[in-house]
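See structure below.
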Amino acid sequence: MTLTNLKSALAAGALTLASGTAVIAQDLRIAYTGYSTDNTFWIGVADAAAAEAEAQGVEFIDMTASSPDSAAQRDAVDRAIDMGVDGIIIGSVDNRAFDASLDAAAEKGIPVVAVDTGIDHPHVSSLVQTDNLAAAGIAGDYIVDQIEEGKVLILGGSAGHQTGNARRDGVLNAAEAAGHEVIFQICDWQDACAFETTTNFLQSDPGITAIFSAWDPGALAAVSAAKALGRLDDLVIVGFDGNPANLVAIAEGEQSATIKQDNTRMGTESVQNLLAIINGEEAEAVVPIDGILITADNVADYQ
């Protein structure tokens, strides 16, 4: 292709390469709103998404709130729609909060991709996430292998949250199948709740031998509570995310394991899928990404 033809193709809006990758026009703008900017996992998602947008020559507008706030996130989506962006990526705080907003996005023809957590709305064209049920099943199998008897305490996310429910169910199914009683407590992804819940249950129920937190900072809170009660050596504590601080805790023998999510791939592929949809191409409705079990045996490989 000559330089003149290349310029003409770019001016027309997009050029499709032999590999199938689209070169998108420079004037596209996509908005992103993740869970929060104070969470290590979500910082990684946002950084990867921003890097992919830059590589594609697309303006990336990060509208994520500093802390988890479903109302603020819904407002961010509404503002992005009012701005007339070409597409939106949502890593939802509350996946039930967007019905009216997504109706408006549909009316204006603004495609939407979800990352990490599914949103039950027909206008959401693609979901890029860890296969949470399968990954939590790996965590559950690990817990079962580590304990001979006793109860499993699960520290959960928010009620009705798709991601949290899948993580709960993966561990619950494995533990109950092995004959262990499971205690489930909703913690709304709050570290203080994880600490208080762990403290209360360890004080009242000596039969607990394992704790699973659906998010890694909650696992660190459980470690702190168990340490304060002198129970740390008696417990298997497993988290979910693969955050750096948790890898340190695993290396130091305080946390037993975590499930690492590939947040770089999640951010990258959410942008790729959104741009494909904007470009009139097909995108996978669900992109499941495998989770990785990290224990003391392999933690050095991920630090």
Side-chain angles (χ1 to χ4, degrees), residues 34-36 39-42 44-45 68 70 73 89-98 112-121 124-144 152-178 180-191 193-194 197 210-219 222 236-243 246 256-263 265-267 269-270 273 284-294:
Y35 185 79
S36 70
N39 180 290
T40 303
F41 168 79
W42 282 101
V45 174
S70 61
Q73 188 174 52
I89 298 170
I90 303 174
S92 65
V93 175
D94 183 348
N95 58 334
R96 302 158 296 181
F98 300 101
V112 177
V113 167
V115 61
D116 183 68
T117 299
I119 300 172
D120 187 14
H121 191 282
V124 178
S125 303
S126 181
L127 167 64
V128 180
Q129 71 171 174
T130 299
D131 188 337
N132 287 285
L133 182 63
I138 294 171
D141 289 341
Y142 171 82
I143 289 170
V144 168
V152 178
L153 172 63
I154 297 178
L155 307 171
S158 304
H161 193 276
Q162 181 250 0
T163 298
N165 286 353
R167 294 178 190 177
R168 173 200 65 198
D169 292 345
V171 172
L172 184 148
N173 293 342
E176 289 190 339
H180 298 285
E181 181 181 340
V182 175
I183 303 166
F184 173 67
Q185 290 291 305
I186 291 174
C187 268
D188 290 318
W189 313 102
Q190 297 299 309
D191 305 346
C193 174
T197 299
I211 300 172
F212 171 72
S213 171
W215 75 111
D216 254 347
V236 172
I237 300 178
V238 179
F240 201 110
D241 282 332
N243 287 351
N246 295 79
S256 306
T258 188
I259 296 292
K260 176 176 172 55
Q261 297 195 84
D262 191 343
N263 52 357
R265 185 178 165 195
M266 291 168 69
E269 295 200 23
S270 63
N273 280 14
E284 293 291 332
V286 179
V287 180
I289 298 175
D290 292 338
I292 303 167
L293 178 69
I294 299 178

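Here, residue 1 is the first one in the sequence, and each next residue gets the next number.
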Open item on the list: Surrounding CD of Glu284 (heavy atoms of other residues, nucleotides or ligands, distance under 6.0 Å), is the total greater than 12?
Closed with: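 Count not over threshold, so no.
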Supply the atom-to-atom distance [X] [atom1] to [Y] [atom2], rounded to the nearest 0.5 angstrom.
X	Y	atom1	atom2	value
Gln129	Asp262	CD	CG	13.5 Å
Ile143	Ile138	CD1	CD1	12.5 Å
Ile292	Thr258	CD1	OG1	11.0 Å
Ile90	Gln73	CD1	CD	6.5 Å
Leu127	Glu269	CG	CD	11.5 Å
Asn165	Ser158	CG	OG	9.5 Å

Keeping the roles fixed (side chain from [X], backbone from [Y]), state whether a donor-acceptor pair exists under 3.5 Å.
X	Y	answer
Thr197	Ala194	no
Ser213	Trp215	yes
Ser126	Val287	no

Side-chain contact test, heavy atoms from C-beta onward, threshold under 4.5 Å: evaluate it for [X] versus [Y] and give yes or no.
X	Y	result
Asn246	Asp241	no
Cys193	Asp188	no
Phe41	Gln261	yes
Phe98	Ser92	yes
Pro217	Asn243	yes

Non-hydrogen atoms of [X] and [Y] that approach each other most closely:
X	Y	answer
Gly291	Ala135	CA-CB, 4.1 Å
Asp116	Asn132	O-ND2, 3.9 Å
Ile211	Ala222	CG2-CB, 4.1 Å
Phe212	Ala139	CE1-CB, 4.1 Å
Val144	Ala175	CG2-CA, 3.9 Å
Val45	Val115	CG1-CG2, 4.3 Å

Task: Mutual orientation of the aromatic rings belonging to Trp42 and Tyr35 [parallel < 30°, tilted 30-60°, perpendicular > 60°] - done: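 Parallel: the ring planes of Trp42 and Tyr35 meet at under 30°.
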Open item on the list: My understanding is that only residues two or more places apart in sequence, or in another chain, count here; which of them pass salt bridge (charged side-chain N to carboxylate O under 4.0 Å, His left out) with Asp131?
Closed with: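 Asp131 satisfies salt bridge (charged side-chain N to carboxylate O under 4.0 Å, His left out) with no other residue.
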TODO: For Asp216, enumerate each residue passing the salt bridge (charged side-chain N to carboxylate O under 4.0 Å, His left out) test, keeping only those at least two apart in sequence or located in another chain.
DONE: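 Asp216 satisfies salt bridge (charged side-chain N to carboxylate O under 4.0 Å, His left out) with no residue once adjacent residues are dropped.
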Task: With Thr163, the side chain to side chain donor-acceptor pair (under 3.5 Å) member among Thr117, Asn95, Thr130 - done: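 When Thr117, Asn95, Thr130 are each tested with Thr163, the side chain to side chain donor-acceptor pair (under 3.5 Å) holds only for Thr117.
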Task: Worked verdict on Ile259 versus Arg167 for side chain to side chain contact (heavy atoms under 4.5 Å, CB included) - done: CA-CA 10 Å; Ile259 296 292; Arg167 294 178 190 177; over 6 Å; no
Open item on the list: Apply side chain to side chain contact (heavy atoms under 4.5 Å, CB included) to residues Leu153 and Gln185 and explain how you reach the verdict.
Closed with: CA-CA 8 Å; Leu153 172 63; Gln185 290 291 305; 4.3 Å; yes
